[in-house]
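In listed order, ligands and their atoms are each counted from 1.
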Amino acid sequence: MKFTTFSILAASATSLCSALPAELTDFLLVTYNSTATPPGNSTQDIVSATSLFDPYYQEPYLLRLIGPGYGSLPRFNLSSGTLSSWASGPHGQGYYLYNSSSVTAGTEFQLLPHEQPAGNIALDDAGLLTVGGAKEGWTLCDGKLSETVLFWKGADASCKSTFVHAVQDPPY
Ligand SMILES: *[C@@H]1O[C@H](CO)[C@@H](O)[C@H](O)[C@H]1NC(C)=O
Ligand SMILES: *[C@@H]1O[C@H](CO)[C@@H](O)[C@H](O)[C@H]1NC(C)=O
Ligand SMILES: *[C@@H]1O[C@H](CO)[C@@H](O)[C@H](O)[C@H]1NC(C)=O
Ligand SMILES: *[C@@H]1O[C@H](CO)[C@@H](O)[C@H](O)[C@H]1NC(C)=O
């Protein structure tokens, strides 16, 4: 059932724009300070990979930047305005399909191990992640444990604007 839904979405996305770098399944999210296609073989200063982050074992996963030397990177699917990714729960207990919650200004991008109502996330033709149709508004802000965390319209003085791109291959 679920597989059918994803196949239909992927097929219609392909026919709308065959240049779409990331289909709606199995992509990585990277940050880049430009709307241009991120260079494939890069360094973290330019394009940064993202990883799940649960400071102090809190339930929602956040997205943080991660440099070279990571073990693996989360891969995402997008359906009904919601991103999902498989991950183990806090303390490594269980393995769940985490779903993004509706994105609101001034808060971290969050993934929850629960079903979510239809969300407001999409990918545009260039593979940029949008919220309510806007690609501009993602920010990288200082988070807990000295990590850099992805927010939507983070207002903290530490926040810097970025764009979030769906890509197939890790930048490093
Ligand atoms: C993006 O970052 C690079 C490296 O830090 C910098 O050279 C470039 O000017 C920045 N571009 C934009 C559009 O901010
Ligand atoms: C990627 O960059 C690394 C380090 O700069 C270099 O050694 C490697 O050859 C590059 N690979 C490709 C495919 O360009
Ligand atoms: C994404 O979709 C693909 C193809 O249907 C599936 O194999 C994969 O498990 C899905 N991943 C997530 C995170 O839902
Ligand atoms: C995440 O959402 C999907 C699709 O609605 C659902 O099948 C899945 O059970 C949800 N994950 C959890 C842990 O509830």
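- For the pair Asn99 and ligand 4, the shortest N or O to N or O distance falls below 3.5 Å.
- Transitive grouping of hydrophobic side chains (ILVMFWY, heavy atoms separated by less than 4.5 Å) keeps Phe163 and Val30 in distinct clusters.
- Residue-ligand proximity, Thr25 to ligand 3, at heavy-atom distances under 4.0 Å covers atoms 2 (O).
- With a heavy-atom cut-off of 4.0 Å, His114 touches ligand 4 through its backbone alone.
- The closest approach between any non-hydrogen atom of Ser84 and ligand 4 is not below 4.0 Å.
- Note on residues 89-100: no pairs pass side chain to side chain donor-acceptor pair (under 3.5 Å), not counting sequence neighbours.
- Atom CD of Glu136 sits in a sparse spot, with 12 or fewer heavy atoms from other residues, nucleotides or ligands closer than 6.0 Å.
- Among Leu97, Asp26, Asn77, the residue whose heavy atom sits closest to atom 3 (C) of ligand 3 is Asn77.
- The residue from Thr25, Leu28, Leu111 that alone fulfils the side-chain contact (heavy atoms from CB on, under 4.5 Å) condition with Phe76 is Leu111.
- Under the salt bridge (charged side-chain N to carboxylate O under 4.0 Å, His left out) criterion, no residue pair touches residues 148-161, with sequence neighbours excluded.
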